[in-house]
Amino acid sequence: MTPEAQHIELEGIDSSLLVREKSERRVGLPPLPNAVQGNVVMRFAPGPSGPLHLGHTRVAILNDDYCRTYDGKFINRIEDTNPDKIDPDAYDMIPEDLEWLGVKVHQTVVQSDRFELYYDVARRIIELGKAYICTCSVEEWRGLKEKCLPCPHHEEDVATTMEKFEKMLAGHYEEGKAILVVKTDLKHPNPAIRDFVGFRIVTSTPHPLKGSKYCVYPMMNFSVATDDHLLGLTHVLRGKDHLNNTLRQAYMFNYLGWEKPHYTHYGLVSVPDAILKTSTVGIGIRSGEYSGWDDVRLGTVRALAKRGFQAEAIRAYWVDCGIKETDVEFSWDNIYAYNKAIVDKVANRYFFVWDPVPLQICGAQELSAKVPVHPDHPELGMREFHMTSPIIINVVEKDLQNAMEAGRVRLKDLGNVEFRSGKATYLGNDLSILKEGVRIIHWVPDNCYPASVHMPTGEVKDGFVEVLPKTEEGKVVQFERFGFVKVEKVAPKLVAYFTH
RNA sequence: GCUCCCGUAGUGUAGUCCGGCCAAUCAUGAAGCCCUCUCGAGGCUUCGACUCGGGUUCAAAUCCCGACGGGAGCACCA
């Protein structure tokens, strides 16, 4: 029977079966599995190697969004268990960045405050016979693991292991000479899962906060599993690159009888044309290549803020992106679109002329123009210009070339001009000229300010800008036919950063 | 090499769990048109995708198998 025939026959039997509820297109994030309203605990866990960048914003915002939806608790957990990769300033910069992003933090936890807790858990795992102290060389231990073979320490008894662990804590071993290994399954087909390092010895680099108080440092898998349990996490969002870490950490949860949080692994994001790598940027700042963490060429949160991005646009972007396991390519176009939707409504319009060339207009003794501050908001008033002979304005070089070729051009809100033998002559102010296909260009009067607009490429666009009120400092405005910019300073020279 | 994950337009996304109203959603982009005033603003129109091959079924983007493609992990980093 064809589908059509079935349809007809079904109609005869029970036509209500043919009506299906329209499934609405889902808005926002998918529901969190097993989430109970008011009983959700999530975390954001950055390493304090620098301020936050675009890559961090995804998981920060997703966690925050879910916490808001379920009236949950957001924990900011600073993972500072590798003293080699800590920038002490990051302890302050990370909360600042989260605040700018509009992320509500309910609790802040610093892992270096919790070493004793990790040691306690280590002792419990040792007692369960699920850990050993290995003093083999790195290559030896790794090589055996690859062949599914135990190292000589794997079967040492609990008392011996405990004694060695206490000796580690007491500083009896040098850096690199002993590790605590958590047993998993040496025969596991996935080599990434077999026995993992729980603690190592670090003595060469003092901890920026704790100095040389500790010499035994937990590895990420150990401290993360411990804290995810102790902090009562219900849901964990993490990148797909942690898939194997989740499996490793599951061993600890199982040994200790802990209830596992619900894990969601999202796909990796590749951000084209962005400088994100914290270590690279740090070097660049020290060498003077970058002006600082907020250099507009960078993909840091503070650089985006400086450029005039709205936190709400970044949030909308990531919520739209969702949390699938598919890898995604970050789209500047899409985030610009979200930002534009927000900023376009509130950005006042001004004329900025880049690549400026002077243009004298003949045939008029005086000219004036009234231009709306915002075309959609007449109540914001008009920018007024008044010029007397000789009337000289500045226009964009390329615009002038095109205009001369075309023969006529419309100066926005000022008047029409005609070009004859290289001279520009005023042609009245009749707008019907537009019907004839004449182009509109913008301009600035002769008595205006110089301006520099810093582009995210590092390029600087110099030109002239009309006089902006001081109240625009710190705000995003639109330079017509140029783009949106965030104004840093209006006088005596305007400085602005290009948004998009 | 071993293990795991993922494949819907240029990009992101909805639909996939529970096969049918999906000749596949929304946004972005591109192209074109409109606008008495931003061809870098706004409005409208158009373009464009279920990775491939088998199987199951009356019916497959959706279920099964295989191939191919992409990504990640196999650290005394996080």
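Per chain, numbering begins at 1; letters A, B, ... match sequence-line order.
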Next on the checklist: Any base atoms under 4.0 Å from A:G176, or only sugar-phosphate, or nothing? Heavy atoms, all strands.
Outcome noted: base
Next on the checklist: A:H153 vs A:T135, test: side chain to side chain donor-acceptor pair (under 3.5 Å). Steps then yes/no.
Outcome noted: CA-CA 8 Å; A:H153 311 94; A:T135 50; 2.9 Å; yes
Next on the checklist: Give me the distance, rounded to whole Å, that separates B:C52 from B:U8 when you measure between the C1' atoms they each carry.
Outcome noted: 15 Å
Checklist entry - Is there a donor-acceptor pair closer than 3.5 Å between any side-chain N or O of A:T184 and the backbone N or O of A:I193? => result yes
Checklist entry - Within the structure, does a side-chain N or O atom of A:K435 lie under 4.0 Å from either OP1 or OP2 of B:C35? => result yes
Checklist entry - The side chain of A:W141 lies closest to which of these nucleotides: B:C76, B:A41, B:C6? => result B:C76
Checklist entry - Within a reach of under 6.0 Å around NZ of A:K277, are more than 12 heavy atoms found that belong to other residues, nucleotides or ligands? => result no
Item to check | A:K240 side chain, from C-beta outward: closest of B:C77, B:G42, B:C5 | outcome: B:C5
Item to check | Separation of atom CD in A:Q249 from atom P in B:C4, rounded to whole Å | outcome: 19 Å
Next on the checklist: Strictly by Watson-Crick or wobble contacts shorter than 3.5 Å, is anything paired with B:C68, and which nucleotide is it?
Outcome noted: B:G7
Checklist outcome for this item: Using Watson-Crick geometry (N1-N3 plus N6-O4 or O6-N4) or G-U wobble (N1-O2, O6-N3), each under 3.5 Å, B:A23 is paired with none
Checklist entry - Touch check for A:H242, heavy atoms < 4.0 angstrom, all strands: base, sugar-phosphate only, or nothing? => result base
Checklist outcome for this item: Rounded to whole Å, the CE-P distance (A:M168 to B:C76) equals 13 Å
Checklist entry - Between B:G12, B:U3, B:C37, which one does the side chain of A:N190 approach most closely? => result B:U3
Next on the checklist: Need one value for A:R349: base, sugar-phosphate or nothing, where a base atom within 4.0 Å counts as base even if backbone is also close, heavy atoms only.
Outcome noted: base
Checklist entry - Does B:A41 pair with anything, Watson-Crick or G-U wobble, both distances under 3.5 Å, and if so, with which nucleotide? => result none
Checklist entry - Which one is paired to B:C47, where only Watson-Crick or G-U wobble pairs with both distances under 3.5 angstrom count? => result B:G29
Item to check | Out of B:G71, B:A41, B:A78, whichever nucleotide has its closest atom nearest the side chain of A:D327 | outcome: B:G71
Checklist entry - OH of A:Y338 versus C1' of B:G29: gap in Å, rounded? => result 14 Å
Item to check | Mate of B:U13 where both pairing distances stay under 3.5 Å, Watson-Crick or G-U | outcome: none
Next on the checklist: Just the rounded figure in Å: distance from P of B:C4 to CG of A:L243.
Outcome noted: 11 Å
Next on the checklist: Can you identify which nucleotide, out of B:U38, B:G29, B:C77, has its nearest atom closest to the A:E480 side chain?
Outcome noted: B:U38
Checklist entry - Base, sugar-phosphate alone, or nothing: which one does A:S270 contact when heavy atoms must sit under 4.0 Å apart? => result nothing
Checklist entry - Applying the side-chain hydrogen bond (donor to acceptor under 3.5 Å, both in side chains) test to A:N348, which of A:H377, A:E472, A:H374 qualifies? => result A:E472
Checklist entry - For the residue pair A:Y336 and A:W332, does the interplanar ring angle fall in the parallel (under 30°), tilted (30 to 60°) or perpendicular (over 60°) class? => result tilted
Item to check | Rounded distance (Å) that lies between atom P of B:C74 and atom CE of A:M219 | outcome: 11 Å
Next on the checklist: For B:C76 and A:R142 - does any side-chain N or O of the residue sit under 4.0 Å from the phosphate oxygens OP1/OP2?
Outcome noted: yes
Next on the checklist: What's the closest nucleotide to the side chain of A:D333 if the choices are B:U38, B:G29, B:G12?
Outcome noted: B:G29
Item to check | Under 3.5 Å on both distances, the Watson-Crick or G-U partner of B:C35 | outcome: none
Checklist outcome for this item: Checking B:U28, B:C77, B:A72 against the side chain of A:L268 (C-beta onward), the nearest is B:A72
Next on the checklist: Please classify the nucleic acid contact of A:N245 as base, sugar-phosphate, or nothing, using heavy-atom distances under 4.0 Å.
Outcome noted: base
Next on the checklist: Using the side-chain heavy atoms of A:P191, tell me which of these nucleotides is nearest: B:U8, B:U3, B:U28.
Outcome noted: B:U3
Checklist entry - Is there a donor on the side chain of A:K85 or the base of B:C77 sitting less than 3.5 Å from an acceptor on the other? => result yes
Checklist entry - So what does A:Q478 hit on the nucleic acid, given a heavy-atom distance under 4.0 Å: a base, only sugar-phosphate, or nothing? => result base
Checklist entry - Base, sugar-phosphate, or nothing: which does A:V138 touch, judged by heavy atoms less than 4.0 Å apart? => result base
Checklist outcome for this item: Partner of B:C2 under the Watson-Crick or G-U wobble criteria, both distances under 3.5 Å, comes out as B:G73
Checklist entry - Taking any strand in view, what nucleotide pairs with B:U56 in a Watson-Crick or G-U wobble way, both distances under 3.5 Å? => result none
Item to check | Spacing between A:D185 atom CG and B:U3 atom P, to the nearest angstrom | outcome: 14 Å
Checklist outcome for this item: Considering only heavy side-chain atoms of A:T326, the closest of B:C37, B:A72, B:U8 is B:U8
Item to check | Separation of B:C4 P from A:N244 CG (nearest whole Å) | outcome: 10 Å
Checklist entry - Does a nitrogen or oxygen in the side chain of A:K340 sit under 4.0 Å from OP1 or OP2 of B:U28? => result no
Item to check | Interatomic distance, A:E329 CD vs B:A27 P [rounded to whole Å] | outcome: 22 Å
Checklist outcome for this item: Among the nucleotides B:G73, B:A78, B:C6, whichever has the atom closest to the side chain of A:N82 is B:A78
